[in-house]
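Inspection log for the structure reproduced underneath, given as structure tokens.
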Amino acid sequence: MTVRPATRTRGREGAQALAAELSKLVSLPATWLTLGGTLVVNLILATAFTTAGLQGSTGTRSAVDIGLASIGYAQAGFVILGVLAACSEYTGGQIRTTLTAMPRRALQFTAKHLALATVVFPAAAITAGSAVVLTAGALGGAAAPVTTGHVAEALSGVTAYLALTTLISAAVAALVRRTLAAVVVLLGYLFVAGPLLRDHVPAARYLPDSAGFAMWFPSARFPSAGDAGAVTPAQGALLLVAWTAVLIAAGVLGYRRWDV
């Protein structure tokens with residue numbers, strides 16, 4: 001099969017765009033400060049939850065459930081990372097230099113999100129896994145037994161949730177184009193509006209945060225038998241992927257039309 005020159009050119013251009021965006025992201029001090037700070041804060045919170053578990057205050061002795069309880073708070077760090085990745089170039093007009101080098105906006109936008117995913121997936125896995133390891137070591141023989149399958153499912157669900165939440169945050173920030181405004185909107189939704197909607201609006205289970213929680217959060221992953229409309233982990237994953245794709249597509253459309 002013969003590969004057309006145009007196909008090779010597009011492939012090379014895409015690879016160059018991805019390499020450029022990845023280089024910018026890993027060279028940004030804020031990337032590592034945010035990831036490092038999130039990891040440390042998550043371990044501190046996991047230690048606090050583990051101490052509560054040893055005292056019988058958590059209602060569970062599962063190292064997985066206790067270790068991942070802190071993710072609900074640590075996700076703020078991944079939201080901030082997504083916003084910084086999207087908005088950092090708008091400071092000082094750096095985005096104009098980027099678009100001069102890569103005038104195809106859709107390609108540049110897509111490459112930025114692929115680069116972000118490349119960095120955030122392993123970071124999310126390390127953040128989640130380290131908390132579970134810490135909790136399991138602290139609980140020792142007091143930990144409730146769990147299967148390998150349960151551990152793998154929970155960790156993969158958390159990793160995917162954090163990574164997709166980061167991509168959603170980057171897409172929303174690209175639409176807002178202001179770091180502080182994007183952070184306020186996203187954290188306000190995750191920690192204020194989202195919980196209120198879950199408590200009062202049944203359809204809120206299909207929103208990104210609620211669907212994502214179903215991938216790993218104990219109360220969401222194991223709903224009561226009488227709740228026929230509960231979102232399963234697989235459904236939650238599909239919903240969160242769909243939300244991510246829609247918001248990234250909206251970001252691409254807005255990015256192509258707006259002046260910078």
[X] versus [Y], closest heavy-atom pair with distance:
X: Pro233; Y: Met215; result: O-CG, 3.8 Å
X: Ala182; Y: Val83; result: CB-CG1, 3.9 Å
X: Tyr73; Y: Phe191; result: O-CZ, 4.0 Å
X: Leu116; Y: Ala170; result: CD2-CB, 3.6 Å
X: Pro122; Y: Ala117; result: CD-O, 4.4 Å
X: Gly67; Y: Thr135; result: CA-OG1, 3.3 Å

Within this structure, what is the [atom1]-[atom2] distance for the pair [X] and [Y], rounded to the nearest 0.5 Å?
X: Thr165; Y: Leu81; atom1: OG1; atom2: CG; answer: 12.0 Å
X: Asp209; Y: Leu197; atom1: CG; atom2: CG; answer: 8.0 Å
X: Leu190; Y: Leu207; atom1: CG; atom2: CG; answer: 11.0 Å
X: Asp65; Y: Trp216; atom1: CG; atom2: CH2; answer: 10.0 Å
X: Lys112; Y: Glu89; atom1: NZ; atom2: CD; answer: 4.0 Å
X: Ile168; Y: Thr244; atom1: CD1; atom2: OG1; answer: 3.5 Å

All side chain to side chain contact (heavy atoms under 4.5 Å, CB included) counterparts of [X], not counting sequence neighbours:
X: Val146; answer: Ser62, Val64, His150, Val151
X: Ala17; answer: Met102, Leu107, Ala111
X: Ile44; answer: Val40
X: Leu239; answer: Tyr206, Ala211, Val231

Please answer: with hydrophobic residues joined when any side-chain heavy atoms are less than 4.5 Å apart, are [X] and [Y] in the same cluster?
X: Val158; Y: Val241; result: yes
X: Leu25; Y: Ile80; result: no
X: Leu22; Y: Val120; result: yes

Do other residues, nucleotides or ligands put more than 12 heavy atoms under 6.0 Å from Phe121 CZ? yes
Is the side chain of Ser23 donor-acceptor paired with the backbone N or O of Ala19 at a distance under 3.5 Å, no angle test? no
Residues which pass ring pair (Phe, Tyr, Trp, His ring centres under 6.0 Å) with Phe109, listed by chain and number, not counting sequence neighbours: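 By the ring pair (Phe, Tyr, Trp, His ring centres under 6.0 Å) rule, Phe109 matches His113, Tyr255.
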Please examine the side chains of Arg205 and Arg198, heavy atoms only from C-beta on, and report whether any two atoms are closer than 4.5 Å.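 A side-chain contact under 4.5 Å is absent here.
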Qualifying residue for side-chain contact (heavy atoms from CB on, under 4.5 Å) with Leu84, from Thr34, Val183, Leu33: Thr34
Thr127: side chain to side chain donor-acceptor pair (under 3.5 Å) partners, not counting sequence neighbours: none
